[in-house]
Amino acid sequence: MSCSSPCCDSKSNSNQRGKLKMKPEEKNEYLGKMRHSAAHILAQAVQSLFSGVKFGIGPAIENGFYYDFELPRPLTPEDLPVIEAKMREIIHDGQPFTKEELSKEEARHIFAGQPFKLELITELPDKMVTIYRQGTFTDLCRGPHVASTGDIKAFSLTHIAGAYWRGDEKNPMLQRVYGIAFETKDELQSHLALEAEAAKRNHRKLGRELDLFSIHDEIGPGLICWHPKGSIIRQVVEDFWKAEHIKRGYSIVYTPHIAKLDLWKTSGHWDFYREYLYPPMKVEGQQYMLKPMNCLGHILIFKSQTRSYRHLPLRYAELGTVYRYERSGALYGLARVRGFTQDDAHIFCRPDQIEGEVAEVLNLAQFMMHTFGFHDYDVFLSTRPEKYAGSLEMWEESTASLRNVLEQLNMDYKIDPGEGVFYGPKIDIKLKDALGHTWQGPTIQVDFNLPLRFNVCYIGEDGQEHSATMIHRTVLGSMERFLACLIEHYGGAFPVWLSPIQAMVIPIADRHVDYAREVENELSQGGIRVQVDDRSERMNLKIREAQVEKVPYMLIVGDKEVASHGISVRLLNGKDAGLESIQSVKDRIKIAIEAKSQVALEAVNNS
RNA sequence: GCCAGCGUAGCUCAGGGGUAGAGCAGCGGUUUCGUAAACCGCCGGUCGUAGGUUCGAAUCCUAUCGCUGGCUCCA
């Protein structure tokens, strides 16, 4: 179908559509229909402005719509206002949308010269197809649509992009025009405001502003330099991660960054994963490769001794840095890079332990997400991909065990068909950040393949060798991507425990610097990351800069504080939390840090 | 990798065939101040890189590297 809106055609006059009376589902249905109609209007506008347009598809999408075209010349951003003006004319005219049902033969006649539409017609299952017309434009379309072009109340064309026909890079690239559309201008405005907020929180922008990390042409794209402040956040996350894993029965290990090519041939990476591998390097006549995954080192550690069923499960955890070749167009800040550190672990267990271990990992994953302030997430079960290793039975068995655990734990999940890794199926958890954007979070993969390829076994109660099962899992994903997610989730205003500088002591005049140092020492003794702004600047300037740096506690010291041996606390929200003793401020900050409280206020105000 | 756009000072940006500019940052000075930017001065760029067109290129053309928005892909 050229259009793919699931809702049904409504002939009702849009003017009678009381917004207040609409239920959320009805509203979504209406929005989908309206956005889809806007796509048709876009196509009509483009048709009237260009000759020889070949039409692709034009569906409604989240917040708006797009339409794909093949045009005689490339579109540039300057074309958008022109197309948009044409669309407004069509909307102003209030042209009715009309539907017709006809045979494929008739449709082929109408769409002669439209190769993409003809392709769609051929593939449609039914004998009859439907078309929609408004004004001079006719489209192959299942519908439904609004009654009239005049029903589009608030829209805007946003950007152009290339898009392969049917999303396949073997197909020709079409030009896609994106737009947003809402029921009212207010909703359109608030969507734009939300986007502006998202742009402010973008981790690439905040990464520079807060001096967290950088990427350099001289080093190469997708390769990250972590600055001191970003490194503090990373270290705090890593320390917390390690401690929690040790608590839960994992052993921390370290493995090399390169390994002989043969190892990667045995594992199947050379066959199934080559597009992501950096080319091998030759050392003393041997081929070596940068590791794209950490599993093989862990397998060899496991195999360094004969393991008994009594030893299992064995859980090896590593903050393992891996390198994968990503196509240049795919790179994005910290979220998609070429070298990254996974919070990886491999659990070697007996088949009867799989479900219990997966459940434990899910529990750990939930604990981690809650600690970092994520409460909204979606769970996906990814099944066998096209390129896979191993037998179908193994795939079925391991997929079933993942499914069992999800069901036993009563977790809502969706199936993501064909999205598993080449060696096994996986559970993916996608986090929603404070602005509702989703991020790839924890992932758990059951693997019967690598144990077979490497003969990973244990001696059972029966004295015989049995193949072990491996569970690959990360709970944060990678340090890079997770930090990107944290930066955007918190908008750079990290909770105290993660904040690179937890407290800034601000002496009002130079004569207060000595006392400020005393405060610094005292807090520093308490393990608080504290600094003194001892510049000969005005207090207002120091406050402003601490504020821009998003330091959770600004500790103001002047004559009053020196006299009373106290500190005046200013919080990031601008609130003056009053004068307190050094000891009491120190204790409160420590409590907030230890509690990993999400907001600095909690500990200061509620105690 | 593909399509489109963009690369000017550390950052944010102006300039668009006649030889480079602002604010912030940095540096030097003055100011010593009570909850988001004191004042004065100075330094700073072979305009991403390499070719080409031109009397003359930051400006036009080509190639290349990188970035941005998408497509594809993904920890």
Side-chain angles (χ1 to χ4, degrees), chain A residues 66 68 71 73-80 158-178 202 204-205 208-209 211 214-218 220-222 275-276 292-294 320-322 324-344 419 421 426 428 439-443 445 472-482 484-485 506-513 535-549 554-561 568-572 574-579:
Chain A
Y66 69 78
D68 287 343
L71 296 170
R73 65 159 175 92
L75 289 174
T76 69
E78 292 81 65
D79 289 313
L80 289 185
T158 54
H159 55 282
I160 50 185
Y164 299 108
W165 168 238
R166 313 196 107 179
D168 187 332
E169 58 188 323
K170 288 182 207 79
N171 287 338
M173 182 162 268
L174 308 180
Q175 301 193 62
R176 178 171 296 178
V177 177
Y178 281 96
N202 187 291
R204 294 169 305 178
K205 184 176 159 68
R208 175 180 296 119
E209 288 173 359
D211 195 16
S214 56
I215 302 172
H216 303 264
D217 281 11
E218 297 90 327
E275 57 182 310
Y276 296 104
M293 293 187 187
N294 301 303
T321 304
V322 298
R324 297 182 189 171
Y325 167 73
E326 296 285 352
R327 305 204 286 180
S328 55
L331 301 174
Y332 184 80
L334 289 180
R336 190 76 187 280
V337 294
R338 287 179 171 164
F340 55 99
T341 301
Q342 292 181 302
D343 67 304
D344 211 356
E419 290 302 310
V421 206
K426 63 176 178 173
D428 275 329
W439 296 81
Q440 173 65 53
T443 152
Q445 303 159 357
H472 308 240
R473 39 109 291 170
T474 72
V475 291
L476 306 177
S478 70
M479 298 314 298
E480 287 74 10
R481 184 176 285 176
F482 190 65
C485 174
I506 298 178
I508 290 178
D510 288 347
R511 65 176 178 281
H512 307 122
V513 168
R535 296 173 300 170
S536 297
E537 292 287 354
R538 296 179 67 223
M539 178 197 65
N540 279 326
L541 193 266
K542 298 179 188 178
I543 288 179
R544 179 185 151 76
E545 294 193 351
Q547 192 81 31
V548 168
E549 262 196 88
M554 283 158 261
L555 309 179
I556 317 286
V557 294
D559 291 336
K560 226 166 40 178
E561 288 74 16
S568 288
V569 179
R570 179 193 156 99
L571 301 170
L572 246 192
K575 197 168 168 179
D576 183 348
L579 180 89

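Proteins come first, then strands; the chains are lettered A, B, ... in the order of their sequence lines, and each starts at number 1.
- Counting any heavy atom pair closer than 4.0 Å across all strands shown, A:Val322 reaches no nucleic acid atom.
- Side-chain contact of A:Thr443 with A:Thr474: a donor-acceptor pair under 3.5 Å is absent, judged by distance alone.
- Pair check for B:rG45 finds none; no Watson-Crick or G-U wobble contact set falls under 3.5 Å.
- Heavy-atom minimum distance, A:Gln342 versus A:Asn294: OE1-ND2, 3.3 Å.
- Pairing of B:rC13, defined by two Watson-Crick or G-U wobble distances under 3.5 Å, is identified with B:rG21.
- Residue contacts for A:Arg204: at a heavy-atom cut-off of 4.0 Å it reaches the sugar-phosphate backbone alone, with no base atom in range.
- Nearest nucleotide to the A:Gln547 side chain, out of B:rU32, B:rA4, B:rA36: B:rA36.
- Contact annotation for A:Gly477: backbone-only contact, meaning every heavy-atom pair under 4.0 Å involves sugar-phosphate atoms and none involves a base.
- Atom name C1', nucleotides B:rU49 and B:rG45: the rounded distance is 15 Å, in whole Å.
- Among the protein residues, A:Asp343 comes within range of no part of the nucleic acid, since none of its heavy atoms lies under 4.0 Å from any strand.
- Under the Watson-Crick or G-U wobble criterion, with both distances below 3.5 Å, B:rG7 is paired with B:rC65.
- In this structure, A:Gln175 and A:Ile160 have side chains that are not in contact, with every pair of non-hydrogen atoms separated by 4.5 Å or more.
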So which protein nitrogen or oxygen atoms get under 3.5 Å of nucleotides 48-50 of chain B's nitrogens or oxygens?
none

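- Here A:Phe340 packs flat against the base of B:rA75; its ring centre is closer than 5.5 angstrom to the base's six-membered ring, tilted by less than 30 degrees.
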Distances for protein N/O vs nucleotides 7-13 of chain B N/O pairs under 3.5 angstrom?
residue	atom	partner	partner atom	Å
B:rU12	OP1	A:Arg208	NH1	3.1

